[in-house]
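Structure, as structure tokens:
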Amino acid sequence: MSSERPLKVALFGSGRIGQVHARNILANPELELVLIADPFIEGAQKLAEGTGARAVATADEVFAEDDLDAIIVGSPTNTHVDLISRAAARGVAALCEKPIDLDIDRVLACRDNLRGSNTPLMLGFNRRFDPNFASVQARVQAGEIGRLEQLTIISRDPAPAPASYIAGSGGIFRDQSIHDLDMARFFVPDIVEVSATGSNLFCDYIEELGDFDSVVINLRGARGEQITIINSRHSAFGHDQRLEAFGSDGMLTAGNLTPTSVRKYTAAGAEGADPYLHFFLERYAEAYRRELEGFVQSIRQGIACSPGFEDGLEALVLANAAEESARSGRVVKIGKD
Ligand SMILES: NC(=O)c1ccc[n+]([C@@H]2O[C@H](COP(=O)([O-])OP(=O)(O)OC[C@H]3O[C@@H](n4cnc5c(N)ncnc54)[C@H](O)[C@@H]3O)[C@@H](O)[C@H]2O)c1
């Protein structure tokens, strides 16, 4: 542990992801949780109980705090641009949940606004910090399977979110696939082409809302690498999160996780195992912890956060291209500005 004082942190949002971040901040000796902000003040108060943090309802109260070192933004997507802009203006580091925003024009305006700022800003693409996926990526980079030729990313949620969530989600590409598009860029940063198809296979309210419940995305990297992303809003056997990297000299894979490694072998069947970890809160618990550690390390060592703002922007560009391709049936080229 560092001998420096803990970094003073404020957390925005006391919902699903806010609760994950609160737990991890409290467990990290490098951090002191001083404020929890949520206009739903009862939520902030409940989460702050017994932690020493103060619950507040507004961002003004957060940014009035002296000596604030960092904010963690776990509030709804439409609050992100404003909060990270305010943090940068005050020289306060920020770890912001994905996506930066659903509207690419707002993201580009935010980038212009942040140009020249060297305040640390990390994007919450937590899957880069999953020990299994991170290991596959590092071993591909180290050349263990030769030249990467094909990458397959499978990501299926256990069950669709309610209609109210889907309606404001920005659609499956910007809401769900965006994690996998960032994972693709973790392996192959330069993507030049996107094609996608979308289907409505099982969920009437998703179809009524004009969204897809199942999509497949094909990406092509600058060196011709072929990347396939398969997403579904449901999976009968739990959170299905797998990855396969195929190269000229071999293959690396990362499979689903179960709570234990116990297997049952009887006359009725062999290799019966526990169900997979149910959803992202359990499946990526370690990734969220490591993401926070990475953020602290960037602040302490003055190194650029990774993933950062540009990664958030690039993933949104790819999500928009996938949506365009699925709607038009055309392949979309990705240009660099
Ligand atoms: N990285 C991941 O795996 C992951 C997982 C879930 C959600 N997210 C992202 O996190 C964000 C929040 O999602 P969630 O599922 O936790 O939502 P949620 O609805 O469970 O919680 C959001 C909370 O933010 C509060 N809030 C609303 N406006 C606010 C403001 N201006 N300031 C502070 N708090 C405010 C709400 O009252 C609510 O308590 C979204 O951007 C989402 O995309 C990321």
Side-chain angles (χ1 to χ4, degrees), residues 9-24 33 35-48 53-65 71-87 94-103 106-107 110 122-130 133 155 157-158 160-183 186 231 233 239 241 277-292 294-295 307 311-312 315-316 319:
V9 179
L11 171 67
F12 285 90
S14 62
R16 291 188 309 173
I17 204 70
Q19 292 170 29
V20 171
H21 288 310
R23 264 197 307 278
N24 291 337
L33 182 58
L35 292 164
I36 300 177
D38 196 316
F40 171 54
I41 189 72
E42 292 84 0
Q45 284 165 342
K46 186 156 182 274
L47 194 57
R54 193 157 52 90
V56 295
T58 65
D60 287 348
E61 291 165 273
V62 171
F63 290 111
E65 180 76 7
I71 62 167
I72 314 270
V73 182
S75 44
T77 300
N78 62 5
T79 66
H80 294 181
V81 162
D82 181 47
L83 294 173
I84 60 179
S85 302
R86 291 185 72 172
L95 166 57
C96 179
E97 270 308 334
K98 49 53 66 179
I100 301 172
D101 197 90
L102 294 175
D103 179 351
R106 288 197 78 206
V107 176
C110 182
M122 182 180 258
L123 245 288
F125 286 125
N126 56 292
R127 294 183 191 181
R128 289 191 185 212
F129 297 89
D130 174 74
F133 297 162
S155 176
D157 284 351
S164 56
Y165 176 91
I166 299 287
S169 70
I172 187 168
F173 293 109
R174 279 176 286 268
D175 180 52
Q176 182 176 359
S177 313
I178 199 155
H179 274 294
D180 308 297
L181 292 164
D182 179 67
M183 183 56 64
F186 190 31
N231 293 135
R233 288 284 196 189
H239 205 23
Q241 303 285 296
L277 293 177
H278 182 64
F279 205 9
F280 65 92
L281 298 175
E282 303 88 27
R283 171 63 181 80
Y284 290 111
E286 180 64 20
Y288 294 118
R289 268 194 295 280
R290 288 165 52 122
E291 171 186 76
L292 194 60
F295 180 53
D311 297 303
L316 185 62

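Hydrogens, waters and symmetry mates are skipped; everything else that's a heavy atom, side chains included, is used. Heads up: numbering here begins at 1 and tracks the sequence. Remember, it's 1-based here, ligands and their atoms both numbered in the order they're listed.
Counting atoms of ligand 1 from 1 in the listed order, those under 4.0 Å from a heavy atom of H179 are 1 (N), 2 (C), 3 (O). Residue G13 approaches ligand 1 through these ligand atoms, each under 4.0 Å from one of its heavy atoms: 24 (O), 33 (C), 34 (N). Counting the atoms of ligand 1 from 1 in the order shown, those under 4.0 Å from a heavy atom of G124 are 1 (N). Atoms of ligand 1 found under 4.0 Å from any heavy atom of T77, numbered from 1 in the order shown, are 40 (C), 41 (O), 43 (O). Close contacts between ligand 1 and T79 involve ligand atoms 31 (N) [criterion: under 4.0 Å to a heavy atom]. Close contacts of ligand 1 with H80, meaning ligand atoms under 4.0 Å from a residue heavy atom, involve 41 (O). Ligand-side atoms of ligand 1 in range of A37: 33 (C), 34 (N), range being under 4.0 angstrom from any heavy atom. Every atom of ligand 1 with a heavy atom of F280 under 4.0 Å away is listed here by number and element: 5 (C), 6 (C).
Heavy atoms from both the backbone and the side chain of S75 come within less than 4.0 Å of ligand 1. By the criterion of a heavy-atom distance under 4.0 Å, both the backbone and the side chain of K98 are placed next to ligand 1. Residue contacts with ligand 1 for F279 are absent, since no atom lies close enough (heavy atoms, distance under 4.0 Å). Of all the heavy atoms of N126, the ones lying under 4.0 Å from any atom of ligand 1 belong exclusively to the side chain.
For G43, the closest heavy-atom approach to ligand 1 does not fall below 4.0 Å. At least one heavy atom of Y288 sits closer than 4.0 Å to an atom of ligand 1.
Residues K98 and L123 come closest through the heavy atom pair CA-CD1, 4.1 Å.
Distances from atom 35 (C) of ligand 1 to the heavy atoms of G15, G74, P39 show the closest one on P39. Across C96, G170, P76, heavy-atom proximity to atom 27 (C) of ligand 1 is greatest for P76.
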For D180 and R127: C-alpha separation, side-chain torsions, deciding distance, then whether side-chain contact (heavy atoms from CB on, under 4.5 Å) applies. CA-CA 9 Å; D180 308 297; R127 294 183 191 181; 3.3 Å; yes
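In terms of protein heavy atoms, atom 44 (C) of ligand 1 is closest to E97 OE1, 3.1 Å. Counting protein heavy atoms only, atom 7 (C) of ligand 1 is closest to I17 CB, 4.1 Å.
Looking at H80, its side chain does come within 3.5 Å of a backbone N or O of S75 through a donor-acceptor pair. Using modelled atom types, one side-chain atom of D38 and one backbone atom of S14 make a donor-acceptor pair closer than 3.5 Å.
Checking each of L95, L292, I72 against M122 for a side chain to side chain contact (heavy atoms under 4.5 Å, CB included) leaves exactly one that passes, namely L95.
In this structure, atom 19 (O) of ligand 1 has its sub-4.0 angstrom surroundings free of protein heavy atoms.
Salt-bridge check for D175 with R233: passed, with a basic side-chain N closer than 4.0 Å to an acidic carboxylate O.
In the model, H239 has no side-chain atom that pairs as donor or acceptor with a side-chain atom of E282 under 3.5 Å.
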